[in-house]
Amino acid sequence: MNYRIEQLPARQTLSIRTRLQPPNYEVIPEALRELMMHARARGYHLEAPSFFVHDNDDQGEGSLV
């Protein structure tokens, strides 16, 4: 795997957490929409694209997204 390490300036981030239970993958775009609505309603300036992280090792009711 090729990768690089970069030093980036500190940034504020917004996050949302939900559970993924296949085949209900719609929770990902729903969560991102909710997060964007929250940010826009509070006047945040969004500079970077959104992304999600999926933790497949979670034990319990679906995996964390």
Side-chain angles (χ1 to χ4, degrees):
M1 177 184 300
N2 294 326
Y3 64 92
R4 68 178 187 224
I5 297 174
E6 294 182 30
Q7 192 72 21
L8 300 174
R11 303 188 117 174
Q12 280 189 317
T13 61
L14 292 172
S15 67
I16 192 167
R17 182 172 142 170
T18 191
R19 291 208 174 265
L20 174 64
Q21 295 178 321
N24 301 317
Y25 297 106
E26 68 277 359
V27 298
I28 295 170
E30 288 172 1
L32 289 174
R33 273 192 298 276
E34 183 179 341
L35 189 64
M36 293 301 108
M37 286 180 7
H38 175 85
R40 288 185 185 118
R42 283 153 183 81
Y44 292 120
H45 176 69
L46 306 174
E47 295 178 3
S50 59
F51 65 93
F52 71 94
V53 176
H54 178 220
D55 179 5
N56 204 24
D57 287 337
D58 184 51
Q59 302 293 320
E61 301 177 17
S63 53
L64 291 175
V65 178

Legend entry - Minimal non-hydrogen separation, A31 against I16, with atom names: O-CG2, 3.7 Å

Inset, instruction - Might you confirm whether atom CD1 of I5 has over 12 heavy atoms from other residues, nucleotides or ligands at distances under 6.0 Å? - result: no

Legend entry - Separation of L35 CG from T18 OG1 (nearest 0.5 Å): 12.0 Å

Inset, instruction - Mind checking the CZ-NE2 spacing from R40 to H45? Nearest 0.5 Å is all I need. - result: 11.5 Å

Inset, instruction - Could you pull out the closest heavy-atom pair between V27 and L20, with the gap in Å? - result: CG2-CD1, 3.9 Å

Legend entry - Flag side-chain contact, heavy atom, 4.5 Å: E30 against E34: no

